[in-house]
> 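Take a look at this one; I'll ask things after.
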Amino acid sequence: MNTRVPTYALYGEDTAEIPEFWVHAESIASRSRLHGWEIKRHRHACLFQILHIRHGKGEALIGNGWHAFTAPAAIVVPERHEHGFRFSTDVDGAVITLMSKRLPARLPAHKGIAEWLAHPRLTQMPADHPDTPYIGETLNHIEREIIQAGASPSPLLEAMLVTALLLVFRMGGTTEAMEAGRDQVRFEQLNALINDGFRAHRPVTFYARELGVSVTHLNRIARAIAGKPVSRLIAERIISEAKRDLVFAGITIQQVADGLGFEDQAYFSRFFSRHAGLSPARYRDRERALLGG
């Protein structure tokens with residue numbers, strides 16, 4: 001069958017009519033009831049959509065097959081993928097639409113999510129899953145923010161979109177999602193360990209051993225999520241504390257070095273200069289001058 005599949009902006013609207021928005025929200029019923037509760041096969045040229053099904057049921061056309069769903073559920077549809085829907089007449093939910101290029105920039109750093117977002121996904125959200133209420137409320141909040149803000153969406157929207165998409169991705173249960181969830185937990189544990197022990201100048205091997213992974217794997221996690229190796233994270237935590245002490249603690253540079261576990265002030269000065277770009281004394285003088293002290 002060689003039927004032409006239409007490409008729309010929003011369903012039923014010509015692509016030439018794409019407005020200058022980056023987010024849009026509307027109820028599922030408001031548009032689907034106009035078409036007999038069926039949205040026929042179509043695609044979008046440059047839009048990414050999230051459907052939040054709060055009540056009711058239906059079917060989603062993904063690829064060449066129809067897939068049944070019941071509330072609560074979330075469906076993501078990237079640009080240029082054919083899709084369609086059939087909804088029950090009691091459906092309650094929302095369609096959240098954004099320009100694909102405005103997908104939150106932080107998402108690609110999470111392992112597996114770029115591939116997950118590249119294809120339509122239907123995710124059932126079990127009522128007894130601990131994340132289901134939070135995902136639902138986050139999507140509800142996104143919908144309200146968009147509708148109330150009109151042409152000036154809240155800066156909070158990107159953070160909420162990141163949260164909702166990551167949680168739905170993790171709930172999807174794919175190997176990549178589960179591994180990404182484990183890596184995120186390990187990264188948070190790593191940060192906690194660094195925060196507790198950075199003054200002891202522990203090597204990367206210590207943190208890897210504590211987390212039960214190899215040094216290579218731990219560095220891979222750190223690079224994927226933070227864009228830097230573990231050694232850099234440790235150094236940055238030390239430098240952050242050194243900067244605070246130099247400006248606000250009212251103690252000598254030797255005392256700052258001692259408090260941060262450096263036995264030699266000269267070594268501390270070289271370490272600080274290498275990572276901060278200037279000596280501890282010059283940094284302290286510059287910052288205090290800026291503060292008017």
> Heavy atoms only: give me the nearest Thr252-Gln255 pair and the separation to one decimal.
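Nearest pair, atom of Thr252 first, then Gln255: N-OE1, 2.8 Å.
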
> Side chains of Leu117 and Phe169: closer than 4.5 Å at any heavy-atom pair?
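A side-chain contact under 4.5 Å is absent here.
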
> Are the side chains of Val168 and Ile50 in touch, meaning some heavy atoms are under 4.5 Å apart?
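A side-chain contact is absent here, since even the closest heavy-atom pair is not under 4.5 Å.
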
> How far does NZ of Lys243 sit from CD1 of Ile238, to the nearest 0.5 angstrom?
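With rounding to 0.5 Å, NZ (Lys243) is 13.0 Å from CD1 (Ile238).
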
> For residues Ala68 and Gln124, report the shortest heavy-atom separation together with the two atoms involved.
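Scanning both residues, the minimum pair turns out to be O-OE1, 4.1 Å.
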
> I need the full list of salt bridge (charged side-chain N to carboxylate O under 4.0 Å, His left out) pairs touching residues 124-133, with sequence neighbours left out, sorted by first then second residue.
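Checked against salt bridge (charged side-chain N to carboxylate O under 4.0 Å, His left out) - neighbours excluded - the pairs reaching residues 124-133 are Asp131-Arg170.
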
> Among Gln49, Glu79, Arg80, exactly one meets side chain to side chain donor-acceptor pair (under 3.5 Å) together with His44. Which residue is that?
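Going through the options one by one, the only one that passes is Gln49.
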
> Using the test side-chain hydrogen bond (donor to acceptor under 3.5 Å, both in side chains), find all partners of Ser279 that sit at least two apart in sequence or belong to another chain.
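Expected list: none.
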
> Of the non-hydrogen atoms in Ser231 and Val204, which two are nearest, and what is the gap between them?
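Of all heavy-atom pairs spanning Ser231 and Val204, the closest is N-CG2, 4.0 Å.
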
> Grouping I, L, V, M, F, W and Y whenever their side-chain heavy atoms are under 4.5 Å apart, do Trp66 and Phe69 come out in a common cluster?
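They do not share one cluster, since no chain of ILVMFWY contacts under 4.5 Å joins Trp66 to Phe69.
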
> Ignoring hydrogens, what is the shortest heavy-atom contact between Ser32 and Ile39? Give both atom names and the distance.
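Smallest interatomic distance, heavy atoms only, reads CA-CD1, 4.0 Å.
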
> Tell me if a side-chain donor or acceptor on Asn140 pairs with a main-chain N or O of Gly136 at a distance below 3.5 Å.
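Flag set: sc Asn140 to bb Gly136 pair under 3.5 Å.
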
> Under 3.5 Å, side chain of Arg121 to main-chain N/O of Trp116, donor-acceptor pair present?
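Flag set: sc Arg121 to bb Trp116 pair under 3.5 Å.
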
> To the nearest 0.5 angstrom, please state how far the CZ atom of Phe248 sits from the CZ atom of Arg284.
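If we round to the nearest 0.5 Å, Phe248:CZ and Arg284:CZ are 13.0 Å apart.
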
> Considering only heavy atoms from C-beta outward, does the side chain of Met125 approach that of Ile135 to under 4.5 Å?
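In short, these two side chains touch, coming nearer than 4.5 Å.
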
> Among residues at least two apart in sequence or on other chains, which ones pass side-chain hydrogen bond (donor to acceptor under 3.5 Å, both in side chains) with Thr89?
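Scan of Thr89 (side-chain hydrogen bond (donor to acceptor under 3.5 Å, both in side chains), adjacent residues dropped) gives none.
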
> Do Val256 and Phe272 have side chains that approach each other closer than 4.5 Å (heavy atoms only, starting at C-beta)?
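Sidechains of Phe272 and Val256: no contact.
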
> Name all residues meeting the ring-ring contact (aromatic ring centres under 6.0 Å, His included) criterion together with Phe85; count only those two or more places apart in sequence or in a different chain, and write none if there are none.
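ring-ring contact (aromatic ring centres under 6.0 Å, His included) check on Phe85 returns His83, Phe87.
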
> Just verifying a value: how many Å separate Leu190 CG and Leu211 CG, rounded to the nearest 0.5 Å?
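Rounded to the nearest 0.5 Å, the CG-CG separation comes to 6.0 Å.
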
> Going through the checks in order, is the side-chain contact (heavy atoms from CB on, under 4.5 Å) test met by Val91 and His55?
CA-CA 5 Å; Val91 69; His55 181 78; over 6 Å; no

> Between atom NE2 of His24 and atom CD1 of Ile147, what is the distance when rounded to the nearest 0.5 Å?
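Reported value, rounded in 0.5 Å steps: 8.0 Å.
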
> For residues 47-59, pull every pair meeting salt bridge (charged side-chain N to carboxylate O under 4.0 Å, His left out), keeping only residues two or more places apart or in separate chains.
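Listed by first then second residue: Arg54-Asp92, Arg54-Glu143, Glu59-Arg86.
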
> Going by salt bridge (charged side-chain N to carboxylate O under 4.0 Å, His left out), name the pairs with one or both residues in residues 221-239, residues two or more places apart or in two chains.
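Residue pairs with at least one partner in residues 221-239: Lys228-Glu236, Arg237-Glu241.
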
> To the nearest 0.5 Å, what is the distance between CZ (Arg43) and CD (Glu82)?
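Interatomic distance, Arg43 CZ to Glu82 CD, rounded to 0.5 Å: 5.5 Å.
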
> Would you list the atom pairs, donor with acceptor, under 3.5 Å between side chains in residues 257-267 and any protein atom, with sequence neighbours excluded?
residue: Asp258; atom: OD1; partner: Gln254; partner atom: NE2; Å: 2.8
residue: Asp264; atom: OD1; partner: Ala266; partner atom: N; Å: 2.6
residue: Asp264; atom: OD1; partner: Tyr267; partner atom: N; Å: 3.0

> In the single-linkage hydrophobic clustering (I, L, V, M, F, W, Y; side-chain heavy atoms under 4.5 Å), do Met160 and Tyr134 co-cluster?
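Same cluster.
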
> If I take atom CG from residue Leu98 and atom CD1 from residue Ile146, how far apart are they, to the nearest 0.5 angstrom?
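Reported value, rounded in 0.5 Å steps: 8.0 Å.
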
> Assess whether atom CZ of Arg282 is packed by more than 12 heavy atoms of other residues, nucleotides or ligands within 6.0 Å.
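Open: at most 12 neighbouring heavy atoms sit under 6.0 Å from CZ of Arg282.
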
> Going by side-chain hydrogen bond (donor to acceptor under 3.5 Å, both in side chains), name the residues that satisfy it together with Thr205, two or more places apart in sequence or in a different chain.
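Here no residue qualifies.
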
> With the 4.5 Å side-chain cut-off for hydrophobic clustering, are Leu278 and Ile253 part of the same group?
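They do share one cluster, since a chain of ILVMFWY contacts under 4.5 Å joins Leu278 to Ile253.
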
> Just grab all the salt bridge (charged side-chain N to carboxylate O under 4.0 Å, His left out) pairs involving residues 200-214, residues at least two apart or on different chains.
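Listed by first then second residue: nothing to list.
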
> Kindly write out the residues that satisfy salt bridge (Lys or Arg N to Asp or Glu O under 4.0 Å) with Arg144, not counting sequence neighbours, or none if the list is empty.
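Per chain and number, Arg144 pairs via salt bridge (Lys or Arg N to Asp or Glu O under 4.0 Å) with Glu137.
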
> Measure across Ala276 and Ile239 and return the closest heavy-atom pair with its distance rounded to 0.1 Å.
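Where Ala276 meets Ile239 most closely, the heavy atoms are CB-CG2, 4.5 Å.
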
> Check Val213, Ile234, Leu233, Val215 against Tyr207 for a side chain to side chain contact (heavy atoms under 4.5 Å, CB included) and give me the one that passes.
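When side chain to side chain contact (heavy atoms under 4.5 Å, CB included) is applied between Tyr207 and each of Val213, Ile234, Leu233, Val215, only Ile234 qualifies.
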
> According to a hydrophobic-cluster definition based on side-chain heavy atoms being under 4.5 Å apart (Ile, Leu, Val, Met, Phe, Trp, Tyr only), do Ile75 and Leu61 belong together?
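No, Ile75 and Leu61 fall in different hydrophobic clusters.
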
> Can you list the residues that meet the ring-ring contact (aromatic ring centres under 6.0 Å, His included) rule with His81, with sequence neighbours excluded?
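Residues passing ring-ring contact (aromatic ring centres under 6.0 Å, His included) with His81: His119.
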
> With clusters defined by side-chain heavy atoms of hydrophobic residues (ILVMFWY) lying less than 4.5 Å apart, directly or transitively, does Leu122 cluster with Val77?
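Same cluster: Val77 reaches Leu122 through Ile, Leu, Val, Met, Phe, Trp or Tyr contacts under 4.5 Å.
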
> Check whether any side-chain heavy atom of Leu167 lies under 4.5 Å from a side-chain heavy atom of Met171, and answer yes or no.
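Side-chain contact under 4.5 Å: no.
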
> Looking at Thr132 and Pro126, what are the two nearest heavy atoms and their distance?
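Looks like OG1-O, 2.6 Å.
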
> Return the set of residues passing side-chain hydrogen bond (donor to acceptor under 3.5 Å, both in side chains) with His67 (not counting sequence neighbours), or none when no residue passes.
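His67 satisfies side-chain hydrogen bond (donor to acceptor under 3.5 Å, both in side chains) with no residue once adjacent residues are dropped.
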
